[in-house]
There are 2 protein chains.
Amino acid sequence: MPERGRPRSFDRAAALRRAMEVFWAKGYEGASLSDLTAAMGINSPSLYAAFGSKEALFLEATDLYTRSEGTDIWSTLKEAPTARLAIEGFLTETARAYSRADRPQGCLIALGALHQDSTQGLICQDLRRRRAENQTALQARLDRAVAEGELPADFDCRAAATFFATVQHGMSIQARDGATHAALMATVAGAMAAWRTMAGANT
Amino acid sequence: MPERGRPRSFDRAAALRRAMEVFWAKGYEGASLSDLTAAMGINSPSLYAAFGSKEALFLEATDLYTRSEGTDIWSTLKEAPTARLAIEGFLTETARAYSRADRPQGCLIALGALHQDSTQGLICQDLRRRRAENQTALQARLDRAVAEGELPADFDCRAAATFFATVQHGMSIQARDGATHAALMATVAGAMAAWRTMAGANT
DNA sequence: TAAATTATGTATCGATCAACACAGAATCGA
DNA sequence: TCGATTCTGTGTTGATCGATACATAATTTA
């Protein structure tokens, strides 16, 4: 019954993916409707009919980003057998994802809208929430390791999660500056050097 | 002889400082001429007469930023007696500078223009150059420590500089997300934990 | 086939963008 | 005092921003 009237003549999911790539490369402000409609292959009335507004399109695009581009990173974090391998895998997957030749460099969540503004308060807030959720996921993995006795009880999971999340954010800027995969891995190595001090050499 | 014709009725240096704060808070794209002229207390023709264009104003503002806001961070790096204290001081000063209540949070150089665009290619390029210079300064300090025998000859100065520069970039995003000074210091502690592994426990 | 419904393309809306034309005002050297 | 020079405020420029009005096309239900 949702099939009444003239059917849509374009692939909504494909158009959303194109929009995601534009937002990813140019940020929310930097992506104009002209950029978006050109990449999506549609005219603006079709965009508004299908997605509602530029804001709503961005929110849907970030959702798609999290579901498609973020899965490797966050599934590695959760499924790795030890906390150390979880953090190392998390950062290694980040280095790989941020330096893919066929994708914009860096992270849409980290770089999409950093300057709060009256016209994009909602966007900023949404990305900020997503970044906070990521940091929470990091901390949850470390908390689990403490609960399972893998890490000492006095391990500061909150501080460590803050640190590793910050490193990941920095890697977005580094990648935007054209850093190679090897350069990003140098940062990963540095972060894992911190791990050895924080968790002890035996973990 | 530069005093001919009607004298300027506003303080050019003070106006530049106001412009710097607007760019710092909103980024290059996000700062409109209305924002700038309102903060500077002048009309747009005065802005163009005194600074040339929005682009030129931004470049002058980043220069002022480097000279005024960046001095503590980079003088600490150069003047600290040991490499370890240099890095620790560099990061500690960063944490302080990025979380000042009377300033925008994070760094103008890191956050001012991350999305390359035809209209702001020059701006992006300039900020990128400045970020590269900062990383070079970090590496130079570490190179010096190796040359002086403070660090082992096989210490990877380039990788370490990449790592600490990346941490600093991440702290800008962290600060933009409202991180307290204490939270930023948790990241500093993480980075210094890496130092202990990289340079050995005795440095 | 007719009525209802939804999508598309063209063309445009008012608002805002960065930048400037122009005339009057304020200082200079002569 | 006077011309030359430079700055200031008002008003406006063409371009672009995000978002729609409107007529037409394409489908479903009756």
Engineer: Is the NZ or CZ atom of B:R67 both under 6.0 Å from the centre of the six-membered ring of B:Y65 and within 45° of that ring's axis?
Structural biologist: no
Engineer: Roughly how many Å is it from CG in A:L36 to P in D:dC17, rounded to a whole number?
Structural biologist: 10 Å
Engineer: Okay, side chain of B:R18, backbone of B:A39: is any donor-acceptor separation there less than 3.5 Å?
Structural biologist: yes
Engineer: If I take atom CZ in residue A:F10 and atom P in nucleotide D:dA26, what distance separates them, rounded to the nearest angstrom?
Structural biologist: 17 Å
Engineer: Think A:S9 has a side-chain N or O under 4.0 angstrom from the OP1 or OP2 of C:dA7?
Structural biologist: no
Engineer: Can you tell me how the ring of A:F58 sits relative to the ring of A:F23, calling it parallel under 30°, perpendicular over 60° and tilted otherwise?
Structural biologist: perpendicular
Engineer: B:R130 side chain to B:I109 main-chain N or O, any donor-acceptor pair under 3.5 Å?
Structural biologist: no
Engineer: Evaluate salt bridge (charged side-chain N to carboxylate O under 4.0 Å, His left out) for A:R96 paired with A:E93, printing each intermediate quantity in order.
Structural biologist: CA-CA 5 Å; A:R96 195 185 55 77; A:E93 287 297 318; 3.0 Å; yes
Engineer: So which of residues 40-48 of chain B are in contact with DNA chain C, with a heavy-atom cut-off of under 4.0 Å?
Structural biologist: B:S44, B:P45, B:Y48
Engineer: What I want to check is whether an N or O donor and acceptor connect the side chain of A:R8 with the base of C:dA7 at under 3.5 Å.
Structural biologist: no
Engineer: Without decimals, in angstroms, what is the distance between A:E55 CD and D:dC17 P?
Structural biologist: 18 Å
Engineer: Measure from NZ on B:K54 to P on C:dC20 and round the result to the nearest Å.
Structural biologist: 14 Å
Engineer: Looking only at atom types and distance, does a side-chain atom of A:H115 sit under 3.5 Å from a main-chain N or O of B:L111, one as donor and one as acceptor?
Structural biologist: yes
Engineer: Reading DNA chain D from 5' onward, which residue's closest nucleotide shows up sooner: A:G52 or A:D35?
Structural biologist: A:D35
Engineer: I need the CG-P distance between B:L33 and C:dC20, as an integer number of Å.
Structural biologist: 11 Å
Engineer: State whether the distance check finds a donor on one side and an acceptor on the other, under 3.5 Å, for side chain B:R6 versus base D:dC7.
Structural biologist: yes
Engineer: How many whole angstroms separate atom CZ of A:R12 from atom P of C:dT8?
Structural biologist: 12 Å
Engineer: Just say parallel, tilted or perpendicular for the rings of B:W195 and B:F155, cut-offs at 30° and 60°.
Structural biologist: tilted
Engineer: Can you identify which nucleotide, out of C:dA4, D:dG18, D:dA19, has its nearest atom closest to the A:R4 side chain?
Structural biologist: C:dA4
Engineer: Within this structure, what is the CZ-to-P distance between B:F51 and D:dC7, rounded to whole angstrom?
Structural biologist: 12 Å
Engineer: Do any side-chain nitrogens or oxygens of B:S34 fall under 4.0 Å of OP1 or OP2 in C:dC17?
Structural biologist: yes
